[in-house]
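Have a look at the structure below, then the notes.
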Amino acid sequence: MSGQPAEHDDVPAIPRPDRTPRGLRAASAIVAPQLLPPYDSYEGAKDQALTEALQHNSVRPVHAYLAHWAALIEIERHPGTARAYHRAEYLARIATTPDEARVHLTTASVIYREAAGAVRDA
């Protein structure tokens, strides 16, 4: 992810996968196996995306679902970035004040947006 801050600049663990259900799932199995249950969940976002696609006769919800997972995998492909992202999420959860939580959530959000931009521009 070329737009990353220098402190998150690290070598990708795997090449960027194809933005297909199979490609993203295979990449997740390597760099973030803990994400497989939510990725595979038909009670969650995948089911909602498929339902909305059918209801609206549009593939946009499916593309949005895949874009979200592509961004998460992009974060996980970069070990340093993944550590920073998960640390920020953790610190936001244990923050003792709203301002402290906001700082950490902003950090996580910046990392996510940069990852989303990297896969969108690829």
Side-chain angles (χ1 to χ4, degrees):
M1 296 179 350
S2 61
Q4 294 175 316
E7 67 269 20
H8 301 304
D9 193 22
D10 53 353
V11 178
I14 62 170
R16 183 176 287 140
D18 292 334
R19 193 158 69 175
T20 63
R22 184 177 297 215
L24 294 173
R25 189 179 192 292
S28 182
I30 296 168
V31 297
Q34 73 279 7
L35 293 179
L36 287 175
Y39 180 81
D40 290 336
S41 171
Y42 276 98
E43 290 104 36
K46 185 187 284 186
D47 186 45
Q48 181 179 351
L50 293 172
T51 300
E52 287 179 19
L54 290 170
Q55 288 173 342
H56 301 291
N57 198 27
S58 170
V59 295
R60 280 186 173 176
V62 175
H63 284 290
Y65 173 81
L66 293 174
H68 169 70
W69 282 98
L72 292 178
I73 297 304
E74 184 68 12
I75 290 167
E76 297 295 338
R77 285 187 337 110
H78 299 268
T81 301
R83 281 190 300 276
Y85 180 75
H86 294 297
R87 181 176 188 273
E89 286 187 323
Y90 170 75
L91 291 173
R93 280 193 303 274
I94 66 166
T96 56
T97 67
D99 287 339
E100 182 184 357
R102 190 174 300 109
V103 167
H104 299 300
L105 289 172
T106 298
T107 298
S109 177
V110 166
I111 293 169
Y112 180 89
R113 280 194 312 271
E114 287 178 355
V119 295
R120 182 179 52 249
D121 297 340

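This structure is a prediction, so every number in the text was calculated from the model and none was measured.
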Checklist entry - What closest approach, in Å, do Ala101 and Ala95 show between heavy atoms, and which atom pair accounts for it? => result N-CB, 3.4 Å

Checklist entry - What's the spacing between Asp40 CG and Leu35 CG if we round to 0.5 Å? => result 10.5 Å

Next on the checklist: Go through it in stages, so that I can follow the logic: the residues are Leu72 and Tyr85, the test is side chain to side chain contact (heavy atoms under 4.5 Å, CB included), and I'd like the CA-CA distance, side-chain angles, deciding distance and then a yes or no.
Outcome noted: CA-CA 10 Å; Leu72 292 178; Tyr85 180 75; 4.0 Å; yes

Item to check | Inter-residue atom distance His78.NE2 - Ile111.CD1, 0.5 Å rounding | outcome: 11.5 Å

Item to check | ILVMFWY network linking Tyr112 to Val119, side-chain heavy atoms under 4.5 angstrom | outcome: no

Next on the checklist: Minimum heavy-atom separation for Leu66 and Thr20, please, with both atom names.
Outcome noted: CD2-C, 4.3 Å

Item to check | Ring geometry between Tyr39 and Trp69 (parallel below 30°, tilted from 30 to 60°, perpendicular above 60°) | outcome: perpendicular

Next on the checklist: Working to the nearest 0.5 angstrom, can you tell me the gap between Arg83 CZ and Ile75 CD1?
Outcome noted: 14.0 Å

Checklist entry - With a 3.5 Å cut-off and no angle check, do the side chains of Ser109 and Arg113 form a donor-acceptor pair? => result yes

Checklist entry - Can you name the closest pair of heavy atoms from Pro61 and Ser58 and give their distance? => result CD-O, 3.5 Å

Next on the checklist: A side-chain contact here means heavy atoms from C-beta on lying under 4.5 Å apart; do Arg87 and Thr107 qualify?
Outcome noted: no

Checklist outcome for this item: So CD1 of Ile73 and NE2 of His68: to nearest 0.5 Å the spacing works out to 9.5 Å

Checklist entry - Quick one: are Glu74 and Arg120 in side-chain contact, heavy atoms under 4.5 Å? => result no

Checklist entry - Out of curiosity, Glu100 CD to Leu91 CG, how far, rounded to the nearest 0.5 Å? => result 7.5 Å

Next on the checklist: As an exercise, state the distance from CD1 of Ile94 to CD of Glu89, rounded to the nearest 0.5 Å.
Outcome noted: 13.0 Å

Checklist entry - Closest approach of Arg77 and Pro15, non-hydrogen atoms and distance? => result NH1-C, 3.2 Å

Checklist entry - Does some side-chain heavy atom of Val62 sit less than 4.5 Å from a side-chain heavy atom of Leu50? => result yes

Checklist entry - Can any side-chain N or O of Thr106 pair as donor or acceptor with the backbone N or O of Arg102 at less than 3.5 Å? => result yes

